[in-house]
2 protein chains.
Amino acid sequence: MKDIEAIVQRFRDSGLKITPQRLSIFNLLKDNYDHPSAEDIYNKALEIHPTISFTTVYKTLQTLRDLGEILEINIDPERAHYDSVTDDHYHTFCTRCREIEDLMSGLYPVQELPDNNVVGGFDVQSVQVHLVGVCGSCN
Amino acid sequence: MKDIEAIVQRFRDSGLKITPQRLSIFNLLKDNYDHPSAEDIYNKALEIHPTISFTTVYKTLQTLRDLGEILEINIDPERAHYDSVTDDHYHTFCTRCREIEDLMSGLYPVQELPDNNVVGGFDVQSVQVHLVGVCGSCN
DNA sequence: GTTACTGCAAACAGTTTGCATTACC
DNA sequence: GGTAATGCAAACTGTTTGCAGTAAC
């Protein structure tokens, strides 16, 4: 995810409006290295905008995802999580505490894709590597 | 997933009963190299048992998953899919047709885990590698 | 002033459960 | 006969939508 000014510019360029609610969400995501669910973000946003609705948070997350500014992570079957770091990296998912964490690169190196991003006829848009198990804190 | 007799034995050994409905589900899974959702399996089962309920299919899938005989794949945010092949292998997920397919081993080789299955303090129970994109047929 | 956003309330879809009846062993 | 499975109906949870009022530009 770009820095706030760049995001604001990108929204304006796309004919999207900048509201205080949206700005708060941008800031929450920017400072966040967890992998929050929509509801996590909503709860934090409530502290700043006590009247903000879940719908607004949800729709803003969708917009950011569609613009490619954040990633939606689908590893927790119970809910989607979001990641403001869009560079290639992988995740661990703890089935006890449901926390998603970044996997230090180097700890689990994965094959490079070919230059055209095609593997066996399949056009790869993203590679998701999830190590599912139990994290250090839950052990 | 083991062959049918072994599954039947495993169920009996665990105090679980063998019903015609369950046997049909075992057979559907055994012959299946797709990655069906619970509803897919339910629809096929209906052709054999016109009165079978979704609940029965659902609960049997849970039991099989808990026994480790099938895997639940969480890559499609809209629904869980199941895989009767429990050996290590990876998947492609087409965002257009929502088909999950096996990734030929060799096309995208992945790092081996250390012997103790621990990566950076995280105790790995399974590794899920998903190539998300557009499949050959949808291109 | 025009266009898009907010927030409410309700719809939606997949998943999960409680419970009476039925079937397995 | 005792125990577990089936199947119905309803609850549940996260996600998504329609729409009237409001705010950005």
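Within every chain, numbering begins at 1; the chains are lettered A, B, ... in the order of the sequence lines, protein sequences first and strands thereafter.
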Sequence-distant partners of B:Asp123, side-chain hydrogen bond (donor to acceptor under 3.5 Å, both in side chains), two or more places apart: none

Close side-chain approach of A:Val127 to B:His130, heavy-atom, < 4.5 Å: no

side-chain contact (heavy atoms from CB on, under 4.5 Å) involving A:Ile70 - partner list, sequence neighbours excluded: A:Met1, A:Leu29, A:Leu61, A:Leu64, A:Arg65, A:Tyr82, A:Ser84

For residues 5-12 of chain B, which side-chain N or O atoms pair as donor and acceptor with protein atoms under 3.5 Å away, sequence neighbours left out?
from	atom 1	to	atom 2	distance (Å)
B:Gln9	NE2	B:Asp13	OD1	3.0
B:Arg10	NH1	B:Leu67	O	2.8
B:Arg10	NH1	B:Glu69	OE2	2.8
B:Arg10	NH2	B:Leu67	O	3.3

Rounded distance (Å) that lies between atom C1' of D:dC8 and atom NE2 of B:His49: 18 Å

Pairing residues for B:Gln62 by the side-chain hydrogen bond (donor to acceptor under 3.5 Å, both in side chains) criterion, not counting sequence neighbours: B:Tyr58

Gap between atoms CD1 and C1', on B:Ile25 and D:dT6 respectively (whole Å): 11 Å

Rounded to 10 degrees, the angle between the two terminal axes of the helix from C:dG1-D:dC25 to C:dC25-D:dG1, each from five pairs: 30°

Distance test, side-chain N/O of B:Thr56 to OP1/OP2 of D:dG7, below 4.0 Å: yes

A:Ile25 versus A:Val57, closest heavy-atom pair with distance: CD1-CA, 3.8 Å

C:dG7 phosphate, OP1 or OP2, under 4.0 Å from A:Thr51 side-chain N/O: yes

Under the side-chain hydrogen bond (donor to acceptor under 3.5 Å, both in side chains) test, residues paired with A:Ser37 that sit two or more places apart: A:Asp40

Atom-to-atom span, CG of B:Leu46 to P of D:dT6 - whole angstrom: 14 Å

Tabulated below should be each protein N or O lying under 3.5 Å from an N or O of nucleotides 21-25 of chain C; please produce it.
from	atom 1	to	atom 2	distance (Å)
C:dC24	O3'	B:Ile18	O	3.2
C:dC24	O2	B:Lys17	NZ	3.1
C:dC25	OP1	B:Arg12	NE	3.4
C:dC25	OP1	B:Arg12	NH2	2.9
C:dC25	OP1	B:Ile18	N	2.9
C:dC25	OP1	B:Ile18	O	3.4
C:dC25	OP2	B:Arg12	NH2	3.4

Protein proximity profile, nucleotides 12-19 of chain C - base contact B, sugar-phosphate-only contact S, no contact -, cut-off 4.0 Å on heavy atoms: --SBBBBB

side-chain hydrogen bond (donor to acceptor under 3.5 Å, both in side chains) partners for B:Ser53, two or more places apart: B:Thr56

Under 4.5 Å side-chain linkage, directly or through intermediates, the cluster mates of B:Phe93: B:Ile73, B:Ile75, B:Ile100, B:Val132

For B:Asn74, all residues meeting side-chain contact (heavy atoms from CB on, under 4.5 Å), sequence neighbours excluded: A:Pro77, B:Glu72, B:Ala80

Partners meeting ring-ring contact (aromatic ring centres under 6.0 Å, His included) with A:His49 (sequence neighbours left out): none

